[in-house]
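A, B, ... follow the sequence lines: proteins, then strands. Residue 1 opens every chain. Scope of the values below: all heavy atoms of this structure, side chains included, with no hydrogens, waters or symmetry mates.
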Number of protein chains: 2
Amino acid sequence: MRVMKGNTILVVDDEAEIVSMIKQSLENEGSEVITAGDGRQALEQLHRNPDLIILDVMMPALNGFELCQMIRDEVSCPILFVSAKQKEADRIQGLSIGGDDYITKPFSLRELKARVAAHLRQNQRLLAGNVHRRVLRYGFLQLDLQGREVRIRQQSIPFTAREFDIMELLALHPGQVFSKDQLYEKIWGLEAVGDSNTITEHVKKIRAKLGVADPQSNYITTVWGVGYKWEAIPS
Amino acid sequence: MRVMKGNTILVVDDEAEIVSMIKQSLENEGSEVITAGDGRQALEQLHRNPDLIILDVMMPALNGFELCQMIRDEVSCPILFVSAKQKEADRIQGLSIGGDDYITKPFSLRELKARVAAHLRQNQRLLAGNVHRRVLRYGFLQLDLQGREVRIRQQSIPFTAREFDIMELLALHPGQVFSKDQLYEKIWGLEAVGDSNTITEHVKKIRAKLGVADPQSNYITTVWGVGYKWEAIPS
DNA sequence: GCCCATTTTATAAAATCTTTATAAATCCCC
DNA sequence: GGGGATTTATAAAGATTTTATAAAATGGGC
């Protein structure tokens, strides 16, 4: 789970075994984990500026709900409750007083990790966020024009500069046929001279890469005697 | 629930009664609710820019998981899955492919509302705090833009002026490729003339310094024949 | 004058682009 | 429907371009 790398997570629970179990599990994913055995200790740890807080509800002295209410306005990171109290009313209360998630004990470590990762991911999205990217999407295929990156089912596929240029041009004009000369002119520039085989070769490479990740698809169609075109809807 | 006022929520489910039930419930809280009966309709509704998406997993044509994967990179709002599939593996899958929450059917409307409100609240918190953010964080790396200081694992690393300029520009636009000419123009100024090797050299120095403190990471990627870009998620 | 950041130069290494040759597919006219 | 011509596909190798590295030169500030 790449998202968890480098993040600081505060785990608060009065049961030491649970704390150490969670700590170890999250550290395995690359997070830095700081811990507290009760609400007061947790308050002291806040100066470390955690990226996420996991909070047991039932603790002596200062319980999880109380702690959450105290810090919620000062701390903008997600707060996840973990509790043996399974009633719906408890879950709703936890979410209402400022919690972002509520997991009932006994819980699966894998689900805890998945939920922690999801919250961290969403935080990153919003923080690194306000990047309006131009992304072309055709089914499972995505062309990130600013990042010059191609993804199929979220998986990045390396394309060379020329390959990307050709794909971009075609995909920006779905359904329109481009002759090889047109492609050459648009991508290499007006004065450029070159063999039309060059295009053929690049198209072949593009198709090969797309074909590996998405075998049934046929994004680039050959229009015989004319050129190539991008299929509006991949088949 | 104050948070829900004025928000737009997209509800996607093929069972019309469920859609209308959720719609009514959320509208009572002050949200604007738009709906879709399947994945394709949902895609068409995305132009409305919802603040949150509720997604049924099992739908004909395009299921919730598939839809989520398709849109996750373009849509930064929270995505909540609602599903009759209750197995842990399903929940974890949903959270792993970009979902932010997973609620099993049959669900309590009150809990759904509480979870929706919690996600909206957290988004508002982050977006509000985003304005005066002056420290960029990428994994273990922190860029203090005000203090022009670079820290890895809390340890400060000295960077020269140009090095910091280049890093700052790249890191402020994660995922976007900058050509050497673009970098030169943005940092040295329009009229400046210079060798593109200068950039190469500075990038080398930056990578060397980052590499010492964080050997596995690769923050700046070479996009062959195009330029350099900052990885949103360091690999 | 010395130190440090910056830039330039030269060379090595890597990746890509283009060409060439050959095979396969498609079209068109008879 | 078949044969020849044309167009496109495939594969591999050479040429070219681009980037990485190292080291030396420049130039300003103390």
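Contact annotation: A:Arg207 reaches the phosphate of D:dA9 (side-chain N/O to OP1 or OP2, under 4.0 Å). Here B:Trp224 does not reach the OP1 or OP2 of C:dC17: none of its side-chain N or O atoms lies under 4.0 Å away. One finds no side-chain N or O of A:Thr200 lying less than 4.0 angstrom from the OP1 or OP2 phosphate oxygen of D:dT10. Put simply, B:Lys205 has no side-chain N or O that comes within less than 4.0 Å of OP1 or OP2 on C:dA5. The side chain of B:Tyr228 contributes an N or O atom lying less than 4.0 Å from OP1 or OP2 of D:dA20.
Distance, A:Lys204 NZ to D:dT10 C1': 5 Å, rounded to whole Å. Counting to the nearest Å, the C1' atom of D:dT18 and the CZ atom of A:Arg148 are 14 Å from each other. Counting to the nearest Å, the P atom of C:dT11 and the CD atom of B:Glu201 are 16 Å from each other. The interatomic distance linking B:Ile220 (CD1) with D:dT19 (C1') rounds to 14 Å, in whole Å. At whole-Å resolution of the value, NZ in B:Lys209 and C1' in C:dC4 are 11 Å apart. The distance from atom CG of A:Asn218 to atom C1' of D:dT8 is 14 Å, rounded to the nearest whole Å. Atoms CG (B:Leu183) and C1' (D:dT19) sit 14 Å apart, rounded to a whole Å. One atom, CD1 of A:Ile199, and another, P of D:dT10, lie 16 Å apart when rounded to the nearest Å.
Heavy atoms of B:Thr222 sit under 4.0 angstrom from primed sugar atoms or phosphate atoms, though from no base atom. The residue B:Glu163 sits apart from the nucleic acid: no heavy atom pair falls under 4.0 Å.
In this structure, B:Gln41 contributes its side chain and B:Gly37 its backbone to a donor-acceptor pair below 3.5 Å. Looking at B:Arg148, its side chain does come within 3.5 Å of a backbone N or O of B:Ala161 through a donor-acceptor pair. Under a 3.5 Å cut-off, the side chain of A:Tyr138 and the backbone N or O of A:Ala171 do form a donor-acceptor pair. At distances below 3.5 Å, not a single donor-acceptor pair connects side-chain atoms of A:Lys23 with backbone N or O atoms of A:Val11.
Where A:Ala161 and A:Asn197 each meet DNA chain C at their nearest nucleotide, the meeting point lying more 5' is that of A:Ala161.
Side-chain atoms of A:Arg162 lie closest to C:dC17 of the nucleotides C:dC17, C:dT6, C:dT19. Side-chain atoms of B:Thr160 lie closest to C:dT6 of the nucleotides C:dT6, D:dT21, C:dT8.
Test A:Arg121, A:Arg137, A:Arg151 against B:Asp73 for salt bridge (Lys or Arg N to Asp or Glu O under 4.0 Å) and you get one pass: A:Arg151.
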